[in-house]
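First comes the structure, then the notes that go with it.
The structure presented is a predicted model; accordingly, all values stated were derived computationally and were not measured.
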Amino acid sequence: MTSTSIDSGPTSAEGMVKASFLPEEMEVAAPEGTTILDAAYLHDIQVETVCAGNGTCGKCRVLIKGYEPPPATGADNQRLSPAQLSAGWRLACQHPLIESGTYIHPAVSVVLKTVTSADLGDITLHPNVQKQVITLPEADLHSASFEWPMTQEALASLLGGADASLHALRQLPFVAEKAKGGPITVTLVGSRAVSFEPGDTRDKMYGIAFDIGTTSIVGALMDLAEGSEAAVASDLNGQAYHGGDVISRMSFTQGGRKNVRILHDAVVDTINSIIDRLLRQAKVSRRHVYECVFVGNTVMTHLLLNIDPSKIGYSPFVGVVKDAVTTTTEMLGINLTTGTSVFAFPNIASYVGADIVAGMIATGLEDRKGNVLMIDVGTNGEIALAVDGQILTTAAPAGPAFEGAEIIQGMRASPGAIERVRLDDEGVHLEVIGGSAPKGICGSGLLDAVAEMLRTGLVAPTGRLLRPDEAREKCPAALARRVFPDDTGGYFLLYGNSPESEDRVILHAADIRQLQLAKGSIRCGVNALLAEAGLEGGDLDEILLAGAFGTYIDRNAARAVGLVPDVDASRISAVGNAAGLGSRMGLLSLEARVNAELLPPKVSYLELSALQDFQWKFAEALGFPDPATLGSG
């Protein structure tokens with residue numbers, strides 16, 4: 001587009017408004033009612049924006065001169081500090097161009113780079129954290145000098161109206177003294193200075209992305225200067241002592257504010273432990289971590305923020321906070337430097353949370369063509385169906401069976417866990433994490449085992465484990481002799497010479513039932529979304545399996561147990577811990593973060609419990625497919 005400079009003074013045409021932009025020293029004209037940002041765009045004036053004028057990024061700041069700044073909008077109040085608003089800064093996307101107004105904006109000089117990672121692919125590195133190197137002028141007796149206004153002046157051409165945290169202001173005199181007229185590094189989160197350091201420390205800039213799962217928590221320490229992963233660590237969510245799923249934890253919070261605090265402290269203790277491990281592993285100083293980004297289901301988000309989620313537990317399932325939340329680590333009790341920023345992704349509904357929003361961002365679900373089903377397979381199963389970009393979601397609490405919990409010899413996917421099972425005429429063939437003798441079975445191994453037992457006839461489509469005499473009639477002898485009776489429905493010897501051996505691993509009929517309930521819950525949600533969209537399972541172009549467990553699922557096993565519709569296996573893919581990847585993207589890219597904030601209003605939610613004949617639909621989803629009816633895959 002060709003820039004138009006209007007610097008002689010013909011009177012504005014009727015319906016046109018003339019104003020000026022600095023530092024370009026350009027006079028422009030635009031139709032009355034045009035926003036300041038759009039007027040700049042029309043004349044190739046580069047006012048920075050990430051959200052395309054939606055008011056969610058706060059980047060298009062302009063200092064208004066020539067008239068009284070207009071009242072601040074909600075977006076102004078959310079993205080600009082009181083000091084900035086008082087000085088006359090406003091968001092250019094929120095206000096119209098005014099005749100004879102002058103608009104001063106920061107020069108856009110940042111050169112963004114694209115970084116590539118195995119998990120995230122290509123992403124534009126544009127974090128909310130930035131470091132600027134400045135030099136303060138020497139003070140003298142002939143002018144009243146204050147160090148922060150001098151710092152603001154040095155920053156003005158780089159990013160406009162900057163604010164500072166009290167913690168940072170307390171650092172400034174000592175840093176200025178130590179720098180002795182040399183360079184000072186100012187660290188900013190958004191437009192707020194949060195730290196000052198002598199010298200150039202632009203290579204030391206980190207953030208941590210967290211995925212707060214019901215069962216486990218994963219943290220990734222990210223180098224914000226390079227866009228790379230510096231360290232990753234995980235641990236069991238400390239809240240698990242008070243219940244294995246969100247339902248039991250919400251029941252616990254109904255005991256009052258004290259119990260909410262107990263669960264909040266438990267998750268923060270786990271987070272702090274992970275932070276300590278990350279910093280030790282990467283040899284990074286705590287003071288160089290400037291921001292944390294969190295995703296999790298709606299209940300986990302509430303508990304992280306120390307907000308009572310108990311009303312989510314009963315009809316009409318009312319939460320407290322839906323939008324993204326920005327705060328600081330000291331407000332939450334997280335052990336990082338004072339003023340470290342916290343950004344918690346937005347939620348969609350009471351049981352569809354920030355984790356599925358992050359997953360949608362990581363997979364680009366809104367932009368995928370065709371009919372795409374995404375399932376975050378975990379304790380709180382969240383499901384999204386995109387039909388040419390229109391997204392419908394639901395939640396299907398599956399319980400912790402997929403994580404190996406509530407399985408008699410279940411365990412996490414750690415060394416000693418059976419992760420793959422194959423059955424044939426010769427017996428049982430196992431793959432064990434770490435290659436050692438098995439200690440138990442994790443979720444992917446459980447799914448494999450049940451799929452194989454269905455295929456070989458050891459388990460009927462109803463979910464019943466055959467009796468030993470039935471197994472001897474219908475199944476290979478090497479498998480039938482591993483079936484044993486007991487008063488709970490029997491069990492199958494997965495590993496060991498006999499049920500009495502100390503090292504044996506057995507799969508009980510009750511374990512099969514736990515898996516059946518978990519997969520039935522998720523499949524009921526899938527069926528409901530398909531019905532709502534007027535689709536059949538065969539109409540799906542893609543099925544994306546997300547979550548730590550979803551990463552390791554065998555696609556054919558998922559079809560065999562009926563977790564997903566019977567489509568060709570080539571249409572099913574594991575996308576890893578999409579929630580965790582989305583959290584990292586929100587840390588590295590303001591564009592991704594803005595997209596996350598804009599996404600929830602465009603997503604519809606289907607409440608399963610409100611469906612007519614829900615109990616019948618759930619019961620219908622419990623059954624396993626008859627192996628004879630499955631496609632070849």
Side-chain angles (χ1 to χ4, degrees), residues 213-215 240 243-251 297 299 313 351-352 375-383 394-413 421 440-454 458-466 486 488-492 494 506-529 545 547-550 552-554 557-566 607-609 611 613-627:
T214 310
T215 302
D245 54 38
V246 292
I247 304 299
S248 56
R249 291 183 206 169
M250 282 187 293
S251 296
N297 65 53
V299 174
Y351 287 105
V352 177
I375 308 174
D376 193 331
V377 188
T379 306
N380 184 55
E382 292 165 307
I383 310 161
T394 192
F402 291 130
E403 309 283 350
E406 295 186 8
I407 303 302
I408 294 171
Q409 283 194 260
M411 61 184 292
R412 296 178 66 200
V421 178
I441 188 167
C442 66
S444 61
L446 175 65
L447 193 75
D448 260 19
V450 175
E452 287 289 275
M453 294 169 79
L454 284 163
L458 289 166
V459 171
T462 60
R464 183 178 68 85
L465 176 65
L466 269 58
D486 67 10
T488 65
Y491 57 88
F492 181 76
L494 274 173
I506 57 180
L507 189 66
H508 283 260
D511 299 330
I512 298 170
R513 176 62 64 178
Q514 285 295 326
L515 176 68
Q516 193 172 13
L517 290 169
K519 85 90 192 175
S521 178
I522 287 178
R523 185 56 189 271
C524 179
V526 169
N527 292 345
L529 291 186
L545 299 176
F549 173 64
Y552 300 102
I553 291 176
D554 180 273
R559 292 170 57 243
V561 302
L563 178 67
V564 299
D566 182 21
E607 174 55 52
L608 291 184
S609 64
L611 294 179
D613 300 328
F614 166 69
Q615 293 298 334
W616 168 250
K617 295 180 191 303
F618 175 64
E620 192 176 37
L622 281 175
F624 291 122
D626 185 337

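Nearest heavy atoms, Leu458 versus Phe492: CD1-CE1, 3.7 Å. In this structure, Phe618 and Gly520 approach most closely via the heavy-atom pair CE1-C, 3.8 Å. Between Arg559 and Pro625, the shortest heavy-atom distance links the atoms O-CG, 3.8 Å. Counting all heavy atoms, side chain and backbone alike, Val352 lies closest to Glu382 at CA-OE2, 3.3 Å. Considering all non-hydrogen atoms of both residues, Gly490 and Leu465 come closest at C-CD2, 3.6 Å. Considering all non-hydrogen atoms of both residues, Leu608 and Gly525 come closest at CD1-CA, 3.8 Å.
Between the CE atom of Met453 and the CG atom of Leu494 there is a distance of 7.0 Å, given to the nearest 0.5 Å.
Between the side chain of Arg523 and the main chain of Val564, a donor-acceptor pair closer than 3.5 Å is present. One N or O on the side chain of Arg249 and one on the backbone of Thr214 form a donor-acceptor pair closer than 3.5 Å. Counting only distance, with no hydrogens or angles, the side chain of Asp511 and the backbone of His508 share a donor-acceptor pair below 3.5 Å. Of the possible donor and acceptor atoms, one in the side chain of Ser248 sits under 3.5 Å from a partner among the backbone N and O of Asp245. Remark: the backbone N or O of Trp616 is not paired with any side-chain donor or acceptor of Asp613 at under 3.5 angstrom. Of the possible donor and acceptor atoms, one in the side chain of Gln516 sits under 3.5 Å from a partner among the backbone N and O of Thr462. Judged by distance alone, the side chain of Ser521 and the main-chain N or O of Leu517 form no donor-acceptor pair under 3.5 Å.
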task: Decide side-chain contact (heavy atoms from CB on, under 4.5 Å) for Val450 and Lys519; before the verdict, give the C-alpha distance in whole Å, the side-chain angles of both, and the deciding distance to 0.1 Å.
output: CA-CA 12 Å; Val450 175; Lys519 85 90 192 175; over 6 Å; no
field: Derivation and outcome, side-chain contact (heavy atoms from CB on, under 4.5 Å), residues Ile553 and Leu563
entry: CA-CA 10 Å; Ile553 291 176; Leu563 178 67; 4.0 Å; yes
Criterion side-chain contact (heavy atoms from CB on, under 4.5 Å) on Leu507 and Leu446, from CA distance to verdict: CA-CA 8 Å; Leu507 189 66; Leu446 175 65; 3.5 Å; yes
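The shortest side-chain heavy-atom distance between Asn527 and Glu620 does not fall under the 4.5 Å cut-off. Counting only heavy atoms from C-beta outward, the side chains of Ile408 and Ile506 never approach each other to under 4.5 Å.
Tested against Asp554, the residues Val421, Asp448, Leu447 include a single side-chain contact (heavy atoms from CB on, under 4.5 Å) partner, Asp448.
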